[in-house]
Asker: 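After the structure tokens below, expect a handful of questions from me.
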Amino acid sequence: MNLLATLRDRFRTALADVADDAAAGELAELVLPSQDAKFGDYQANCAMPLGKRLGQPPREVAAALIERLDVAAFCEPPEIAGPGFINLRLKDEWLAATLAAAVADSDRSGVAPVAEPRTYVLDYSSPNVAKPMHVGHIRSTVIGDALYKVLAFVGHRVISDNHIGDWGTQFGMIIYGYKHFVDEAAIAESPVAELGRLYRYVNRLVDYHATKSQAIPALEDKIAAAQATLDEKRAEPLPDDAKAKKKAEKKLRQAEGALTDLRNELLALQAKTAEVEADAALAKVAAAHADIGKAVLAETAALHAGDGANRELWERFLPACRAEMEATYDRLGVKFDHTLGESFYEDKLAAVVDDLKAKQLATESDGAQCVFLEGFDAPFIVQKQDGAFLYATTDLATIAYRMETWSPDAILYVVDHRQSLHFEQLFATARQWGYDEVELQHISFGTVLGEDGRPYKTRTGSAVGLAGLLDEAVDRAQAIAEKSDVLTSDEERRTVAKRIGIGAIKYADLAHNRTSDYKFSYDKMLAMTGNTAAYMQYSYARVHGIFGRGGVDIEQLRTSSAPISLVEPAERALAVALVQFTETLHRVAADYRPNYLTDYLFDLASKYASFFENCPVLKAPSDELRISRLLLCDLTARTIGRGLSLLGIETVDRM
RNA sequence: GCGCCCGUAGCUUAGUUGGAUAGAGCAGCGGACUUCUAAUCCGCAGGUCGCAGGUUCGAAUCCUGCCGGGCGUGCCA
């Protein structure tokens, strides 16, 4: 059961006697787990605000509440402390009985489903096919997958839909590459590899010309302009007023910093073009394909316009591109219910714009179709001057399709925070368009930073590839596996290394508050101590190991309905933590924050470590206690295992 | 210019619509191994929660101003 929710219900009932319903509902939320064990297991903080409202001393209000409160089934008599806190201590008998029931419940370990199941559509990962996935896709994929699993486990209906980019310029590149540079033998043998090569090759050529003819001159202009404004600012006398002077000096510093950044950027671009030019063969090809940028766009436009040959190539290549993507998902253990990419909505876009126009939401401005929204400076553009549609259009079509197909209560977009403006506009437009009942949420997250605190990039400034990232983590995890003396075969060591390595990346990501940026560090994520996957996996293996060593038949134990007794403080603390698994999952599901679960698991593992240190299990003083403690071990292992699996992280029985 | 987000211990960070003495981990110091997996555990030390005001029984959390940083901002996604 969800103990916290139950306690809040009981308080709501008691509060309804002394306050109106709305206030009672609000005040009941002030029941929280206690921070400090000396204040009991839970505390209610509602007497202070209520006392204020009623003009009565809070301690008297607290006493009146306790009078009306029915929690005797789970708690010792409540105590009033300090200015009017109500402290609750769980009954040991109730804890023991609840855990015994959880032991017997092999499917859910006592985790109650939510009272009101909802239907969620989850939109996450969303890579562009044909382009290799990179570090920027990790968080969306990992957070989305964890939320999917938690929401489903607590009883919601969840539909994951990977909104892949399968209709963009990258196909123009592949088509162009196929027409000019294909190695037929290679494509026959391994289409995925050859298409990947073609994409990278054409992309490099396009990039080279764009850099040379546009990016560098544009940057040079920008540098000149920045230099000019800087000179201008320097020439101006500083204001006399101290505050204005400081501000002017700051502006000057910022302008200098900006100029330095621009110069460094220019050097990086020049180095990139020089690299191409240093390769004689590549330089020759580049010279022969001077208009490759335009040509690629033309191939893309032809595909969109329905050109038969290009359409055929697209249909032929898409499966291979999807297969490449799937290979990465396989390594991560991520699956989707649906993968409806941009191309799926291609024939639905014109109707979206027509409808917006008919409803007078979209109007023409500078030749583009725009939705002007209150509170936004910029319009939400749904069709460009040249008639092309944008991702805004696709996103609207996608909402319409999802509503029609699944009638969800909520659609969640797990996308990085830089797109928040887009989603604000998208949601505002969708509501005006008629979808005003559904919960539309941007589950935003911060950037993955390198150790230097800047966005995680390779030395040359490109995004770090996801596959390489996973390789590196698994390689480093191999060292941990090698150190183990309980692993017997190379194969087992490889399996363990894989689970630790992939788990480390996922866990590090999930353990951070998703809204903030976080620093990517192999050393930290693979540490055996602290809040890491490896530590959690080790904790699990340690608990699990007891059964083997003690020759214990777990199944028999679980069905024996042997009683659990909580005598040592460490046993009781562990028991309380175990009981709180349900409310933790419900909180993750309510706030869409997986780090609540990692925090919980780490706390549980710490409580177990302390229990393990203080309470002999196999050498317990009596058989009854031995069995009781084994049951606590079993529940701990199951809870850690379940928790990790809901985060998409695999466990190992020994390591 | 405007908008959004962030600033917590040396480092990485948590902090449940405002709750009791701001929690962890790493690094540092000190303890515990004839082991239930010491890949661990226990303890100590380390904080003007960017700064200054305000709101109130109570503020890291809410409001205002300032300082420092990131991101976004009409036809990319």
Side-chain angles (χ1 to χ4, degrees), chain A residues 4 26 29-30 32-36 38-39 43 45 48-49 51-52 57-58 81-85 87 126 128 165 168-169 243 246-247 250 342 365-370 375-386 388 390-392 394-395 415-422 424 444 446-447 449 451 453-455 480 483-486 508 511-513 515-519 521 523-524 527-532 534-535 537-539 541-546 549-550 583-584 587 590-591 593 595-596 598-599 602-603 606 609-610 612-620 629 633 654-655:
Chain A
L4 180 58
E26 212 174 292
E29 299 300 304
L30 296 176
L32 296 165
S34 298
Q35 300 285 338
D36 193 320
K38 77 178 178 211
F39 300 129
Q43 61 181 47
N45 304 329
M48 285 85 81
K52 181 87 182 170
F85 294 103
N87 292 337
S126 314
N128 285 317
T169 315
K243 211 169 136 184
K246 223 173 139 189
K247 201 153 189 163
K250 186 188 158 190
E342 290 168 347
S365 170
D366 291 340
Q369 290 297 330
C370 301
F376 294 93
D377 293 336
F380 195 52
I381 300 177
V382 293
Q383 187 171 21
K384 303 202 298 187
Q385 276 177 337
D386 64 7
L390 299 99
Y391 77 129
T394 313
D395 280 354
V415 178
D416 79 89
H417 71 278
R418 287 174 303 196
Q419 295 195 35
S420 60
L421 178 60
H422 167 71
E424 281 175 39
S444 78
T447 310
L449 308 175
E451 310 254 10
R454 308 199 47 99
I480 296 175
K483 242 175 84 185
S484 167
D485 44 16
V486 299
H512 287 85
N513 178 335
T515 53
S516 47
D517 296 346
Y518 87 94
K519 289 194 184 170
S521 159
D523 287 339
K524 287 204 165 70
M528 286 307 300
T529 53
N531 194 7
T532 66
Y535 174 75
Q537 287 164 324
Y538 177 65
S539 299
R542 251 176 123 201
V543 188
H544 201 270
I546 281 195
R549 184 172 287 263
E583 65 197 48
T584 301
R587 205 154 70 89
D591 292 355
R593 289 187 184 272
N595 69 306
Y596 294 159
T598 58
D599 285 355
F602 183 60
D603 178 63
S606 308
S610 170
F612 186 73
E613 210 63 27
N614 291 297
C615 307
V617 178
L618 296 175
K619 298 174 190 163
R629 286 178 179 170
C633 290
R654 51 186 188 173
M655 62 186 271

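Every chain is numbered from 1, with letters handed out A, B, ... down the list of sequences.
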Asker: Looking across every strand, which nucleic acid part, if any, lies under 4.0 Å from A:Val617 by heavy atom: base, sugar-phosphate, or nothing?
Answerer: base
Asker: Hey, which sits more toward the 5' end of RNA chain B by its nearest nucleotide, A:Ser420 or A:Asp591?
Answerer: A:Ser420
Asker: In Å and rounded to the nearest 0.5 Å, what is the CG to CZ distance from A:Leu32 to A:Phe39?
Answerer: 13.5 Å
Asker: For A:Leu4, does its backbone N or O pair with a side-chain atom of A:Glu583 as donor and acceptor, under 3.5 Å?
Answerer: yes
Asker: Classify A:Glu424 by what it touches in the nucleic acid, base, sugar-phosphate, or nothing, heavy-atom distance under 4.0 Å.
Answerer: nothing
Asker: B:C76 phosphate, OP1 or OP2: any side-chain N/O from A:Lys384 under 4.0 angstrom?
Answerer: yes
Asker: Nearest 0.5 Å, what's the OG-CD distance between A:Ser365 and A:Gln385?
Answerer: 9.5 Å
Asker: How would you label the contact of A:Ala541 with the nucleic acid (heavy atoms, under 4.0 Å): base, sugar-phosphate, or nothing?
Answerer: base
Asker: Would you say B:C41 has OP1 or OP2 under 4.0 Å from some side-chain N or O of A:Tyr535?
Answerer: yes
Asker: Does A:Gln43 make a side-chain donor-acceptor contact with the base of B:A20, cut-off 3.5 Å?
Answerer: yes
Asker: Let me know the distance between CG of A:Asp377 and C1' of B:G1, rounded to the nearest Å.
Answerer: 10 Å
Asker: Have a look at A:Arg418 and say if it touches a base, only the backbone sugar-phosphate, or nothing, with a 4.0 Å heavy-atom cut-off.
Answerer: sugar-phosphate
Asker: Tell me which nucleotide among B:A77, B:G19, B:U40 gets nearest to the side chain of A:Glu342.
Answerer: B:A77
Asker: Need one value for A:Ser484: base, sugar-phosphate or nothing, where a base atom within 4.0 Å counts as base even if backbone is also close, heavy atoms only.
Answerer: base
Asker: Give one of base, sugar-phosphate or nothing for A:Cys633, where a contact means two heavy atoms less than 4.0 Å apart.
Answerer: nothing
Asker: Check the phosphate of B:A77 against A:Thr394, side-chain N and O only, distance under 4.0 Å to OP1 or OP2. Yes or no?
Answerer: no
Asker: Would you indicate what A:Ala534 reaches in the nucleic acid, counting non-hydrogen atoms under 4.0 angstrom: base, sugar-phosphate, or nothing?
Answerer: nothing
Asker: Which whole number of Å gives the distance between the P atom of B:C66 and that of B:A45?
Answerer: 41 Å
Asker: Looking at B:C42, B:U16, B:G19, which one has an atom nearest to any side-chain atom of A:Ser610?
Answerer: B:C42
Asker: Of all the nucleotides listed (B:U40, B:G19, B:C36), which has the minimum atom distance to the side chain of A:Phe612?
Answerer: B:C36
Asker: Could you check whether A:Pro58 gets within reach of a base, just the sugar-phosphate, or nothing at all, counting any heavy atom under 4.0 Å?
Answerer: nothing
Asker: At 4.0 Å (heavy atoms only), tell me whether A:Asn513 reaches a base, stays on the sugar-phosphate, or touches nothing.
Answerer: sugar-phosphate
Asker: I'd like to compare against my own output: the B/S/- annotation of nucleotides 22-34 of chain B with a strict under-4.0 Å heavy-atom distance to protein.
Answerer: --SSS--------
Asker: In whole Å, measure the gap between the C1' atoms of B:G18 and B:A59 for me.
Answerer: 6 Å
Asker: Base, sugar-phosphate, or nothing: which does A:Ser521 touch, judged by heavy atoms less than 4.0 Å apart?
Answerer: nothing
Asker: So, A:Asn513 versus A:Thr515: side-chain donor-acceptor pair below 3.5 Å or not?
Answerer: yes
Asker: Among B:A39, B:C42, B:C71, find the nucleotide with the atom closest to the side chain of A:His417.
Answerer: B:C71
Asker: At 4.0 Å (heavy atoms only), tell me whether A:Leu390 reaches a base, stays on the sugar-phosphate, or touches nothing.
Answerer: sugar-phosphate
Asker: At under 4.0 Å between heavy atoms, what does A:Arg654 touch on the DNA or RNA strands: base, sugar-phosphate, or nothing?
Answerer: base
Asker: I'd like the P distance from B:U61 over to B:A9, given in whole Å.
Answerer: 15 Å
Asker: Can you check the distance between B:U8 and B:G47, where both ends of the measurement are the P atom (answer in whole Å)?
Answerer: 15 Å
Asker: Which residue lies toward the 5' end of RNA chain B, A:Tyr391 or A:Gln369, if each is placed at its nearest nucleotide?
Answerer: A:Gln369
Asker: Ignoring hydrogens and angles, state whether a donor on the side chain of A:His417 or A:Asp517 is under 3.5 Å from an acceptor on the partner side chain.
Answerer: no
Asker: Sticking with atom C1', work out how far B:A20 lies from B:A77, rounded to a whole angstrom.
Answerer: 49 Å
Asker: Between B:G74, B:G15, B:C75, which one does the side chain of A:Tyr596 approach most closely?
Answerer: B:G15
Asker: Is the shortest side-chain N/O distance from A:His512 to OP1 or OP2 of B:U13 below 4.0 Å?
Answerer: yes
Asker: Is there a donor-acceptor contact under 3.5 Å from the side chain of A:Thr532 to the main chain of A:Met528?
Answerer: no
Asker: I need the A:Asp395 CG to A:His422 NE2 distance, nearest 0.5 Å.
Answerer: 4.0 Å
Asker: Distance check, P atoms only: B:G69 and B:A22, in whole angstrom units.
Answerer: 31 Å
Asker: If the P atom of B:U34 is compared with that of B:G25, how far apart are they to the nearest Å?
Answerer: 25 Å
Asker: OP1 or OP2 of B:U12 versus the side-chain N and O atoms of A:Lys519: is any pair under 4.0 Å?
Answerer: yes
Asker: Answer yes or no: side-chain N or O of A:Thr447 and base N or O of B:G70 forming a donor-acceptor pair under 3.5 Å.
Answerer: no
Asker: Report the distance from atom CG of A:Leu449 to atom P of B:C5, rounded to the nearest whole Å.
Answerer: 19 Å
Asker: Mind checking A:Ile480 for me? I need base, sugar-phosphate or nothing, with any heavy atom below 4.0 Å counting as a touch.
Answerer: base
Asker: How close or far is atom C1' of B:G70 from atom CZ of A:Arg454, stated in whole angstroms?
Answerer: 10 Å
Asker: Picking from B:G19, B:A14, B:U16, which would you name as closest to the side chain of A:Phe85?
Answerer: B:G19
Asker: From the options B:G19, B:U40, B:C71, select the nucleotide whose nearest atom is closest to the side chain of A:Asn45.
Answerer: B:G19
Asker: B:C76, B:C36, B:G74: which one has an atom nearest the side-chain heavy atoms of A:Ile546?
Answerer: B:C36
Asker: So, does A:Asn614 use its side chain to make a donor-acceptor pair with the main chain of A:Ser610 at under 3.5 Å?
Answerer: yes
Asker: Please check: side-chain N/O of A:Thr447 versus main-chain N/O of A:Leu449, any donor-acceptor pairing under 3.5 Å?
Answerer: no
Asker: Starting at CZ of A:Phe612, measure out to CD1 of A:Ile546 and round the result to the nearest 0.5 Å.
Answerer: 4.5 Å
Asker: Ignoring the backbone of A:Leu421, work out which of B:C36, B:U73, B:A39 is nearest its side chain.
Answerer: B:U73
Asker: Defining pairs by Watson-Crick or G-U wobble geometry with both distances under 3.5 Å, how would you list the stems of RNA chain B with at least three pairs each?
Answerer: B:1-7 with B:67-73, B:10-13 with B:23-26, B:28-32 with B:40-44, B:50-54 with B:62-66
Asker: Under 4.0 Å, counting only non-hydrogen atoms across every strand here, what does A:Ala609 touch: a base, just sugar-phosphate, or nothing?
Answerer: sugar-phosphate
Asker: Measuring from A:Asp523:CG to A:Glu451:CD, what's the distance to the nearest 0.5 Å?
Answerer: 7.0 Å
Asker: With a 3.5 Å distance limit and no angle check, can you tell me whether A:Ser516 reaches the backbone of A:His512 through a side-chain donor-acceptor pair?
Answerer: no
Asker: Using the C1' atom in both, what is the distance from B:A27 to B:G10, to the nearest Å?
Answerer: 8 Å
Asker: Taking atom NZ of A:Lys384 and atom SG of A:Cys370, what is their separation to the nearest 0.5 Å?
Answerer: 13.0 Å
Asker: May I ask you to verify whether the side chain of A:Asn87 and the base of B:A20 hold a donor-acceptor pair under 3.5 Å?
Answerer: yes
Asker: Could you check which of B:A14, B:U16, B:C36 has an atom nearest any side-chain atom of A:Leu32?
Answerer: B:U16
Asker: Quick one: does any side-chain atom of A:Asp366 pair with a main-chain N or O of A:Ala368 as donor and acceptor, under 3.5 Å?
Answerer: no
